[in-house]
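Remarks on the structure that follows.
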Amino acid sequence: MSSEPEVKVVLRPLLARIPVARIPLVGHTLDYMSDPLDFMRRQHAIGPVTERRMMGSTWTLLTGPDACEAALRNADKAFANGPGWGFLVGPFFDRGLMLLDFAEHHRHRLLLQQAFTRPRIEGYVEQLAPAVGRGLDAWAAQGTVEGTFLAYPALKELTLDLATQIFMGGADLADHEELDALNDAFIACVQAGGSLLRLDLPGTRWRRAHRGRRLLEEFLLRHLPAKRATEGDDLFSVLCHLRTEDGDTFSDQDIVNHMIFLLMAAHDTSTITVTTVLQHLGQHPEWQERCRQESLALPEHPTLAELESLTSLDLVIKESLRLVPPVPVLARRTVKETEVLGVHIPQGRLTAVMVHLSHHLPQLWSSPDRFDPERFSEPRREDKSHRYAWEPFGGGVHKCLGMAFAGAEVTTILHQLLRRFEWQIDADYVAPLDYHSLPFPADGLPIELHPYEARTLA
Ligand code: HEM
């Protein structure tokens, strides 16, 4: 995991030199990957509904809040998720909630949303706080907290550990070796989605991901009977006991599919959010101190309601999600012909809903490229300039089901980081974001990290 940033650093300059237009299979894919925002701006200058060849197919690209809204509201049910996302992430997250459509999606969402009610989130927060504490103790114990520290890989490891704890019920399910194998399997599934070579051949990411998916399925199916037999408070147990008023429940295979997807949905998204917040707080010490003072006024392990009282941190998180939305583009495919803003889209067309651009449009946001968390506070509320101005969690029937959980997890991590550490990043630093799958800083985000108490006492 920790070697990933170095590999990407080497790849990026190479990719930038490849004459994109001459590669028929990838078309504008690399153009997008090297600078997505610039790519989206250029498309939007042509119009809100345009076409491009990417990854061997023709895509319709939707840019701007009106075009994004049309696809996400999906009034005529023309846009489907399964054949859209399935094309991008491959078969490794098959039948996860985001890849189901229409009546079937509705049925599964009704059941699954019971795992994300407020009382459930309060329960997860109780487990999260000590688990985050243990993770950060390990940072200190490894002696990694004086001087330059690679924040992104450390946070990635932390959020994976949290997923093991909160989603699976902790390390007692598996020994260290098996947990490592599961982590590798999971990472293989995630990485395959971004690979251009999609063949089940020896040595390819695709083959590793198939093996990874099998391993995850076997592991979850092995532990399922025990999870069904007792009522625990980890997500895996919760899923085993969900039941609607009509008596609807999940089959064993449903639970496996949802668990694998939820691990994926929760992991990189939360990691990149904390990473972006860390970067901006490191570059804006006045905001870091403002957030820290609010955190110091709360207990180390606050309740969900107390976490929600961290108003400055909330503004910073919203602004970070605006600047770097963890899911910059949402995939769809039309199941019948339709039109968006008067432009005809044929049946079977892959469609990219480019929400990232809406976050940077000057007609919706003042100085959109500037870090300015106050834009989300009253009376400015720039996010209200359009219903789809700020959409890091998507919109419509597929809007992120884990939004409240994500908020609680990200805030818990940052709350404890602020109480324990302080950090600096050069004001001119620009994160070299890699967009092969979800965005991450290719240099691992080096920060100057110090224990907070030690420095102030010195
Ligand atoms: C900051 C973190 C997160 C961000 C930015 C985020 C973003 C998104 C987005 C944009 C979608 C909509 C995709 C689409 O319309 O095609 C989505 C869907 C989803 N997310 Fe999240 N997510 C985050 C964290 C989480 C977490 C922590 C969980 C679970 C614990 C989760 C579970 C889901 C699920 C189940 C869906 C599918 C909903 C459906 O199709 O009905 N997400 N997420």
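Since the structure is predicted, the reported quantities are computational estimates derived from the model, not experimental observations. We count ligands from 1, going down the list as the structure has it; atoms in each ligand are counted the same way.
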Applying ring-ring contact (aromatic ring centres under 6.0 Å, His included), can you list everything that pairs with [X], at least two apart in sequence or on another chain?
X      : result
His108 : Phe250, His258
His241 : none
Phe167 : Phe405

Problem - Any side-chain donor near an acceptor of the partner, Thr63 and Gln43, under 3.5 Å - result: no
Practice task
Check the surroundings of atom NE2 in His344: do more than 12 heavy atoms from other residues, nucleotides or ligands lie under 6.0 Å from it?
Solution key: yes
Handout entry: Residues Lys318 and Glu374 bridged, charged N to O under 4.0 Å
Key = no
Practice task
Could you see which bit of Phe167 sits under 4.0 Å from ligand 1, with heavy atoms only: side chain, backbone, both or neither?
Solution key: side chain
Fill in the blank from the handout: Going by the 4.0 angstrom heavy-atom rule, the piece of Leu112 near ligand 1 is neither
Practice task
Answer yes if the ring centres of Phe376 and Trp390 are under 6.0 angstrom apart, and no otherwise.
Solution key: yes
Problem - Contacts of atom 21 (Fe) of ligand 1 with protein N/O/S atoms, counting only those under 2.8 Å - result: Cys400 SG
Problem - Partner of Met168 under side chain to side chain contact (heavy atoms under 4.5 Å, CB included), chosen from Leu235, Leu263, Leu179 - result: Leu263
Exercise for the section: Measure from atom 12 (C) of ligand 1 to every heavy atom in Arg332, His398, Glu409 and give the option owning the shortest one. Expected result: His398
Problem - Any N/O pair Thr273/ligand 1 closer than 3.5 Å - result: no
